Amino acid sequence: MTTIDAGEGVTRRSEVELPELTSLPQRVLKHPHLMHYNRLAAFVLAVNLVVLLYGLGSGGWWSRDGVDLRALSYAALGNFALAVIIRQQYVVNLLFWLAIRPPTTWPLRVRWALAKVYHFGGLHIGGALAGTLWYLALVGGLTHHAVRGLGGGATAGTLAVSYALVTLLIGMVVTAMPPLRSRFHDLFERTHRFGGWTVLVLFWVQTVLFTRAVEQSLAAAPGIWVLAVITFSIALPWLRLRRVPVVIERPSSHVALVHFDHGVTPFAGSSTAVSRSPLLEWHSFANVPTPGRPGFRLTISRSGDWTGAFIDDLPSHVWVKGITTAGVANIETLFTKVVYVATGSGIGPCLPHLLAAKVPSRLVWSARRHRKTYGDALVDEILAVQPDAVLWDTAEHGKPDMVRLAYAAYAEFGAEAVICISNKKLTWQVVHGMERRGIPAYGAIWDS
């Protein structure tokens with residue numbers, strides 16, 4: 001097995017001299033707080049602020065006759081539509097397809113930015129926040145109309161539904177805050193699923209009540225059509241829900257290799273959402289298709305209650321829904337050569353790209369006793385396509401400095417970019433460590 005020797009190899013790679021940091025302005029722009037995800041969210045909020053200022057400046061939203069409830073309603077619904085549709089699986093795949101069209105002859109700076117396409121979740125966050133704020137303004141306007149007796153659709157039924165919606169929306173926003181989402185992920189997921197469905201139903205009720213109150217035709221109301229698009233987008237993955245058989249290998253108590261062969265062979269770099277209780281929780285894993293063979297595999301490692309229970313009690317069937325969706329490593333085709341940096345089960349999302357070999361790549365994989373944990377067959381399969389891979393055994397050599405290992409591979413291989421698949425802390429160490437030195441680097445952003 002390819003590995004790093006305990007002597008000179010360790011010194012050469014783990015103590016390699018890193019390049020100088022880029023200028024301070026460049027480093028500031030590469031800081032995690034200013035990543036493209038946050039920039040997109042800020043952009044959506046800024047556009048909404050411009051719309052708000054325009055409405056206030058024109059005087060069309062506020063008058064002696066009350067508030068323009070229809071304008072506030074459209075602004076809220078438009079933002080919620082953005083938040084939902086940008087997460088739709090077909091839309092996600094389209095965004096990736098468009099982003100990776102340019103050839104590698106384009107300037108690196110342009111390709112570097114395009115490869116950040118997986119930060120599209122910033123549009124989701126921006127739309128959800130802006131939509132909630134607009135909706136709070138709408139409820140305030142409805143209350144004002146009701147108290148002053150101004151009409152405009154502010155009926156008792158509309159107000160009751162509106163207050164229920166406000167409560168649900170605030171609950172969803174609060175549970176989505178990063179500290180709470182990471183600590184109480186099951187609560188976050190169920191709040192968004194069941195709360196989201198309830199919000200959708202109540203929006204339909206409110207829209208119908210509001211439209212009838214202002215004596216407008218339902219078919220002519222723009223809100224009805226926007227709601228129809230949102231509803232279809234949410235329902236579409238569930239229309240493809242099915243229970244499929246699986247064959248599972250368990251090379252160790254830490255890993256399960258799940259084989260699927262139900263007539264679907266996904267593209268390399270995609271992911272599949274699986275569940276044992278489809279109404280309660282879903283987990284996405286990278287698909288590993290083998291070139292020339294039907295079906296695919298998932299690599300599931302013990303990293304929490306759900307994965308632990310899955311490995312200890314192997315099921316014969318699992319639920320899948322939706323379509324296979326592009327993942328972060330699909331951006332590899334924008335570069336001439338890439339380095340894959342993985343720790344532990346992070347090898348799963350890397351493996352399909354290594355096997356497909358669309359782009360010359362070099363693997364750096366840090367794990368505890370690779371063969372004992374993941375099995376000889378999987379390790380041999382990796383080494384067959386990556387004979388020069390760096391496999392660091394943490395049981396023998398301890399935890400490495402992954403930033404230095406990544407840079408050593410990047411420099412030796414002459415790569416253009418680094419793709420890191422690891423836990424949140426180490427991913428950001430590698431990505432930020434590379435980018436603040438002028439090296440394109442990419443990794444998951446844990447926004448779901």
Side-chain angles (χ1 to χ4, degrees), residues 19 22 26 29-30 34-37 39-40 43 86 88-123 265-271 286-292 296 323-342 346 349-364 382 385-389 406-421 427 430-445:
T22 55
Q26 289 177 306
L29 289 175
K30 296 301 179 183
L34 292 178
M35 63 180 176
H36 290 72
Y37 182 91
R39 296 183 201 179
L40 288 173
F43 172 75
I86 202 66
Q88 217 287 324
Q89 293 162 319
Y90 287 103
V91 174
V92 171
N93 287 343
L94 176 61
L95 291 176
F96 271 91
W97 185 85
L98 291 172
I100 63 176
R101 290 303 94 195
T104 55
T105 54
W106 280 30
L108 179 59
R109 185 175 298 275
V110 175
R111 291 179 282 130
W112 189 340
L114 287 172
K116 298 292 184 180
V117 60
Y118 61 96
H119 287 253
F120 62 83
L123 297 175
T265 302
F267 61 92
S270 61
S271 62
N287 300 318
V288 185
T290 301
F296 61 100
I323 64 168
T324 54
T325 312
V328 55
N330 279 273
I331 55 92
E332 65 168 4
T333 57
L334 284 168
F335 305 100
T336 56
K337 293 181 179 181
V338 298
V339 168
Y340 280 101
V341 177
C350 300
L351 184 54
H353 298 281
L354 300 176
L355 296 178
K358 290 183 179 180
V359 176
S361 60
R362 176 69 56 83
L363 172 65
V364 177
I382 293 171
V385 294
Q386 283 284 314
D388 297 321
Y407 176 72
Y410 166 86
E412 292 173 2
F413 191 52
E416 280 193 323
V418 173
I419 300 174
C420 181
I421 309 294
T427 295
V430 172
V431 171
H432 188 44
M434 294 292 102
E435 295 224 320
R436 64 205 299 256
R437 292 176 169 85
I439 300 170
Y442 308 89
I445 52 179

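Positions are given from 1, in the same order as the sequence printed here. Since this is a predicted model, take the numbers as computed values, not measurements.
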Legend entry - Nearest heavy-atom neighbours spanning Ala406 and Val418: CB-CG1, 4.4 Å

Legend entry - Leu334 side, atom CG; Thr104 side, atom OG1 - distance, nearest 0.5 Å: 9.0 Å

Inset, instruction - Establish, from distance only, whether the side-chain atoms of Ser361 and Gln386 form a donor-acceptor pair under 3.5 Å. - result: yes

Inset, instruction - For Tyr118 and Gly443, indicate whether the former's side chain and the latter's backbone hold a donor-acceptor pair under 3.5 Å. - result: yes

Legend entry - Straight-line distance of Asn330 CG to Trp97 CH2, nearest 0.5 Å: 14.0 Å

Legend entry - Contact check, side chains of Pro352 and Asn287, non-hydrogen atoms, under 4.5 Å: no

Inset, instruction - Quick one: closest heavy-atom pair of Tyr340 and Glu332, and the distance? - result: OH-OE1, 2.6 Å

Inset, instruction - Assess whether side chain to side chain contact (heavy atoms under 4.5 Å, CB included) is satisfied between Ile331 and Ile419, documenting all intermediate values. - result: CA-CA 9 Å; Ile331 55 92; Ile419 300 174; 3.8 Å; yes

Legend entry - Least distance between heavy atoms, Met434 atom then Ala441 atom: CB-CB, 3.6 Å

Legend entry - Nearest atoms (heavy-atom pairs only) where Pro440 meets Gly438: CD-O, 3.9 Å

Inset, instruction - Search all heavy atoms of Trp112 against all heavy atoms of Lys116 and return the closest pair with its distance. - result: O-CG, 3.7 Å

Inset, instruction - Look up atom NE2 in His119 and atom NE2 in His36, then write down how far apart they are to the nearest 0.5 Å. - result: 7.0 Å

Inset, instruction - Would you please indicate yes or no on a ring centroid separation below 6.0 angstrom for Phe267 and Phe96? - result: no

Legend entry - Arg362 side-chain N/O to Tyr410 backbone N/O, donor-acceptor pair under 3.5 Å: no

Legend entry - N/O donor-acceptor pair under 3.5 Å between Arg111 side chain and Pro102 backbone: no

Legend entry - Check: Ile86 and Leu95 side chains under 4.5 Å, non-hydrogen atoms: yes

Legend entry - N/O donor-acceptor pair under 3.5 Å between Glu416 side chain and Phe335 backbone: no

Inset, instruction - Please confirm whether the backbone N or O of Thr324 pairs with a side-chain atom of Asn93, one donor and one acceptor, at under 3.5 Å? - result: yes

Legend entry - Heavy-atom closest contact (Pro289 atom, Pro291 atom, distance): O-CD, 3.7 Å

Inset, instruction - With rounding to the nearest 0.5 Å, note down the distance linking CD in Gln88 to OG1 in Thr325. - result: 8.5 Å

Inset, instruction - Would you give the length of the straight line joining atom CG of Asp388 to atom CG of Leu363, rounded to the nearest 0.5 angstrom? - result: 11.0 Å

Legend entry - Rounded distance [0.5 Å steps], CG in Leu29 versus CZ in Arg39: 5.5 Å

